Amino acid sequence: MAYELSELGFGPFFEQQLEAAGSRAEVVARVAAEHRGAYEVWAEAGAGPAQLAGRLRREADETGLPGVGDWVVLRDVPGPERTAIIERVLARRTVFTRGAAGREVRAQVIAANVELVFAVCGLDEDFNVRRIERYLARIWASGARPAVILNKADVCAEVAARVAEVQRHVGDVAIYVTSALHGDGIDAVRARIHAGLTVALVGSSGAGKSTLVNALLGEARMPTGAVRARDGRGCHVTTHRQLVLMPGGGLLLDTPGMRELQLVDDAGLEVVFEDVAARAAHCRYRNCRHDAEPGCAVRAAVAAGELEPERLEHYQKLEREADAYERRHDARLRRQAARAWGARHDEAAHLRRLKGGKA
Ligand SMILES: Nc1nc2c(ncn2[C@@H]2O[C@H](COP(=O)(O)OP(=O)(O)OP(=O)(O)O)[C@@H](O)[C@H]2O)c(=O)[nH]1
Ligand SMILES: [Mg+2]
Ligand SMILES: [Zn+2]
């Protein structure tokens, strides 16, 4: 199978990077899938498996490694029978990352070079406005545009009220109401997708991302799975990220449900909480936390009934979370750097001893 690069979303932003590197004939490809370090790449001349050049693996940190959606340069033409070698990752236009989970130090690339990201939320037990805000903050921070899909409308008795509630929190971000299982509302979502555009779906497990992808494709290509009856949670059916080409053009990226989507910094919060941020610009202190500081314009707006107290509460909570992450993350990086330095130091002392010098 071979692809038109423009159909895969290739454009001047990436082309310029190739020209800058010289006129050497290069095989450009897009990473279509990634699973535990094994890649699938799509190029004009063919498609097939790929792996990283050893140098890349050694030099790059986690976010420097290619993720699904990345444009890469290969050593040779890919094909089903051979494993192509990825030599270089082109700079990204957008990148959606997940904060490092548990003990990991680095953020993980979820989707690279996507233009539009749908935050999918079920209108069942999954429904949670705060989670939608959190997703939107991360999507804005990625450089992509967000939109919201409220799925499973068929099992919700108060769709209009829920939509109104979400509307109050997302400003002018588009909201789509769907029932992926029955194909309702899908045409409006499909209308947002066109040739050359890459669209990702994110959201908790069981929200119906894969069911939506299937409905958009018009065929059951992605496996889907039942949610637990007890609490409506999904069972993490999708285990790896995969690009699929829409019959009418455009690319969809289905992602596994994320157990934790942390805010890694406050990028994006300013956009989601534009109403809060606009007032905060008038606080007396620039680093005002809007708690009990004198001259706080945000608190004043709440007191005057111009800003919902809930908005401020959500904003403060997310900002504290971002701060905590940054602090934890920095501390971890510092510890790691100290360890690496210690190891180098020990090694140098050991070498000096071997050479008969003083340690
Ligand atoms: N009633 C109803 N059920 C739906 C709808 N969309 C999806 N489902 C069901 O919800 C369950 C989970 O759907 P999936 O598409 O597998 O969910 P997912 O978001 O891809 O989940 P992960 O891959 O685990 O992240 C399945 O049983 C679907 O049939 C819908 O619109 N209405
Ligand atoms: Mg899925
Ligand atoms: Zn303030």
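In listed order, ligands and their atoms are each counted from 1. All values below were derived from every heavy atom in this structure, side-chain atoms included, with hydrogens, water molecules and symmetry-related copies excluded. As the structure is a computational prediction, the values presented were derived from the model and not from experiment.
The pair R311-E133 meets the salt-bridge criterion, with a side-chain N (NZ, NE, NH1 or NH2) lying under 4.0 Å from an Asp/Glu carboxylate O. A salt bridge links K152 and D124; the closest N-O separation between the charged side-chain nitrogens and carboxylate oxygens is under 4.0 Å. The residues D187 and R190 are annotated as salt-bridged, a charged nitrogen and a carboxylate oxygen being separated by less than 4.0 angstrom. Under 4.0 Å is where a charged nitrogen must lie from a carboxylate oxygen, and between D76 and R82 no such pair does.
When the heavy atoms of L181, L150, T224, D184 are ranked by distance to atom 29 (O) of ligand 1, first place goes to L181. The option with the heavy atom closest to atom 21 (O) of ligand 1, from among G257, A180, P256, G206, is G206. Of the listed residues (T178, V213, L201, D154), the one carrying the non-hydrogen atom nearest atom 30 (C) of ligand 1 is D154.
Rounded to 10°, the angle formed at the Zn ion (ligand 3) by C283 SG and C288 SG is 120°. The SG atom of C296 and the ND1 atom of H290 subtend an angle of 110° at the Zn ion (ligand 3), given to the nearest 10 degrees.
In this structure, atom 4 (C) of ligand 1 lies nearest to the protein heavy atom K152 CE, 3.7 Å. The nearest protein atom to atom 12 (C) of ligand 1, hydrogens excluded, is given as G225 O, 2.9 Å; this is a heavy-atom distance. Distance from atom 6 (N) of ligand 1 to its nearest protein heavy atom, with residue and atom name: N151 ND2, 3.1 Å. Among protein heavy atoms, atom 22 (P) of ligand 1 sits closest to S205 OG, 3.6 Å. Of the protein's non-hydrogen atoms, the one nearest atom 17 (O) of ligand 1 is G208 N, 3.2 Å.
The atoms of ligand 1 that sit less than 4.0 Å from any heavy atom of V155 are 1 (N). Heavy-atom contacts of H236 reach the following atoms of ligand 1: 24 (O) (cutoff under 4.0 Å).
Donor-acceptor pairing under 3.5 Å is recorded for the side chains of H169 and E310. Looking at W42 and E40, their side chains do bring a donor and an acceptor atom within 3.5 Å of each other. A donor-acceptor contact closer than 3.5 angstrom is absent between the side chains of R30 and Y3. Side-chain contact, S204 with R233: no donor N or O sits under 3.5 Å from an acceptor N or O. A donor-acceptor pair shorter than 3.5 Å cannot be found between the side chains of S210 and R221.
Proximity of T211 to ligand 1, defined as any heavy-atom pair under 4.0 Å, is shared by backbone and side chain alike. At a heavy-atom cutoff of 4.0 Å, ligand 1 is contacted by the backbone of S204 but not by its side chain.
At distances below 3.5 Å, at least one donor-acceptor pair connects side-chain atoms of R299 with backbone N or O atoms of H290.
Residue contacts to the Mg ion (ligand 2): T255 brings no N, O or S atom closer than 2.8 Å.
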